[in-house]
Every structure is written in structure tokens, then in C-alpha cells.
Colleague: 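Before I ask anything, let me first share the structure, which is written out below as C-alpha cells.
Being a predicted model, the structure only gives us computed values, none of them experimental.
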Amino acid sequence: MRFIKVLFLLALFVFSILFFSQNNDVLLQGLTLKLEIPYAMTLHSIPLPFGVLILAAFVAGALLTMVYFAIDKFRAGSKLRECKTRMASLEQELNSLRNMPINEARPYSAEEKVEGVN
């Protein structure tokens, strides 16, 4: 599985280099972002190269994904600890029930069952 991951990352790296080198003219063009709030104000950014915006979007997506999976991992760890605690408690209860002495004077017989039904 690690081999497949390494091959995938290598292919992604190669395609990224090809993309950026072949589209260098477009990616270096300046882009100004604008936010208009009606009847209030208009905000403009400084001219940024298009490639920087693509890179920033990629990094933001990667960070949000890492936060999502970290929260999921903490939840799973918490649930695992809870299940282990419950399992230990149930095992202790089972062992105590196994070690209980039987207090019946005589064993249960089928004749008593038939008499009780009629």
C-alpha cells in the first residue's frame, strides 16, 4: 500500500510541475479581487499572481481537510476508550457471575415442569 501511495504522490508531483511550467504565462498574470457590499463599500485586493491564488486555495483546502480528519480521529479515540472501559466492566461482571456458587438444593427436573403446566 505504501508503494501505491508513493507512486501516486510522485505522479501528482510530476503533473503539478508540468502544469505550472506549461502555464507559466497565465499563472503570472495579476488578478485583483473585489468585494462589493451594496450601499456600503467596495474592497479591492492588491494585484496577485493567479498561481499564488491557486496555491493558497490548495493549502487552505489541505488545512481544512487535516482539521476535519483530526477531529474525527479524536472522536474515534474517545469512543474507543469508552468501549474499552465498558468492555472491561462487562468482563468483570461476567467473571463475577461465573464464580458465583449455585444455591439450588436440587437440580431442576422435567417432571416439575409438567406438573406446573396442568
Colleague: Taking only distance into account, with no hydrogens and no angle test, what donor-acceptor pairs under 3.5 Å do side-chain atoms of residues 34-58 form with protein atoms, sequence neighbours excluded?
Modeller:
unit_1, atom_1, unit_2, atom_2, d
Lys34, NZ, Glu36, OE2, 3.2
Ser45, OG, Leu33, N, 2.9

Colleague: If you link I, L, V, M, F, W and Y whenever their side-chain heavy atoms are under 4.5 Å apart, who else ends up in the same group as Ile17?
Modeller: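 Joined to Ile17, directly or through intermediates: Phe13.
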Colleague: About how many Å separate CG of Leu10 and NZ of Lys5, when rounded to the nearest 0.5 Å?
Modeller: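 Lys5 NZ to Leu10 CG: 16.0 Å, rounded to 0.5 Å.
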Colleague: Could you measure the distance from the CD1 atom of Ile4 to the CE atom of Met1? Nearest 0.5 Å is fine.
Modeller: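 If we round to the nearest 0.5 Å, Ile4:CD1 and Met1:CE are 6.0 Å apart.
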Colleague: So Asn95 and Gln92, do their side chains get closer than 4.5 Å, heavy atoms only?
Modeller: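 No, every pair of side-chain atoms sits at 4.5 Å or beyond.
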Colleague: For residues 62-86, which side-chain N or O atoms pair as donor and acceptor with protein atoms under 3.5 Å away, sequence neighbours left out?
Modeller:
unit_1, atom_1, unit_2, atom_2, d
Thr65, OG1, Gly61, O, 2.8
Thr85, OG1, Arg81, O, 2.9

